[in-house]
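Before any comments, here is the structure.
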Amino acid sequence: MNKNEQFVITINRELGSGGRTIGERLAEKLGVTFYDKAVIKGLVERYNLDVDEIERLRDKKHSWWTDFKRVAGIGDGIISSSKYIAEMGKEPDVLTTESVFKAETEILEDIAKVESCVIAGRSGFYVFRNHPNHMSILIQASKPYRVERTMRKKNITEEEALKIIDKVDKMREDYVRKFTGTSRYDARNYDFVITVDGKTEDKVVEQILYLLE
């Protein structure tokens, strides 16, 4: 990937690995906008965007996403998921349908046409698999690391953290298999697989920046 040209970096991550934070900090270092799955799905639902509506916007103006960002109040940098999701803490893919997935994919593709960005979401590696300037990364960690971090972040017990991790792991894997026909754990889907055990989030960001060079 050439970071001196318009690019897209996609990050798939295991719950409790710190992948979202890594994505945010990476985007900040690169001076580009960070998007995550929750934001894109939230936009689709909040503004009733479907494939037909997106096509209409495209016909009206080629760079519709730039205008849409302005109207929706989306600035450059990190975008807060909570602004676009009705229920805080709601896992955004529980009710995803094929039509919503298609609309989300259309939005992601249009974002990448007009700006460089970092996107965190379980299907990004698939959406941009043929993009000419794309880096795909999987952020993973051992189960004990993920449990400890989830306990600390959510202030819950070990048992509760394990239940959440197992539930989200299954849901995300089911989602990827349903909409992409592959596994999110298949290393062939990524340019790099990074294990974060024993590393700070900033250290992982440094590692990715080094790989970009």
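Only heavy atoms go into these numbers, but all of them, side chains included; no hydrogens, no water, no symmetry mates.
Using a 4.5 Å heavy-atom threshold, the side chains of F7 and V32 count as touching. Looking at R13 and L138, their side chains never come closer than 4.5 Å, going by heavy atoms from C-beta outward.
Nearest approach of A112 to V8, heavy atoms of both residues: CB-CB, 4.5 Å. Taking all atoms of both residues into account, the shortest heavy-atom contact from M1 to L212 is CE-CD2, 3.1 Å. M151 and T157 get closest at one heavy-atom pair: CG-O, 3.7 Å.
The aromatic rings of F125 and Y190 sit tilted, their planes meeting at an angle between 30° and 60°.
Within a 6.0 Å sphere centred on CG of N155, other residues, nucleotides and ligands contribute 12 heavy atoms or fewer. More than 12 heavy atoms of other residues, nucleotides or ligands lie within 6.0 Å of CD in E160, so this atom counts as buried by the packing criterion.
Between the side chains of D197 and S142, at least one donor N or O sits under 3.5 Å from an acceptor N or O. A donor and an acceptor atom, one from each side chain of T195 and Q140, are located under 3.5 Å apart. Checking K199 against Q207 by side-chain atom types alone, a donor-acceptor pair falls below 3.5 Å.
For T200, there are no side-chain hydrogen bond (donor to acceptor under 3.5 Å, both in side chains) partners at least two apart in sequence or on another chain.
The salt bridge (charged side-chain N to carboxylate O under 4.0 Å, His left out) test with E14 is passed by exactly one of R172, K143, R184, R146: R146.
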Next item on the list: Test V204 against I194 for side-chain contact (heavy atoms from CB on, under 4.5 Å), laying out the working first.
Entry: CA-CA 8 Å; V204 176; I194 300 175; 4.0 Å; yes
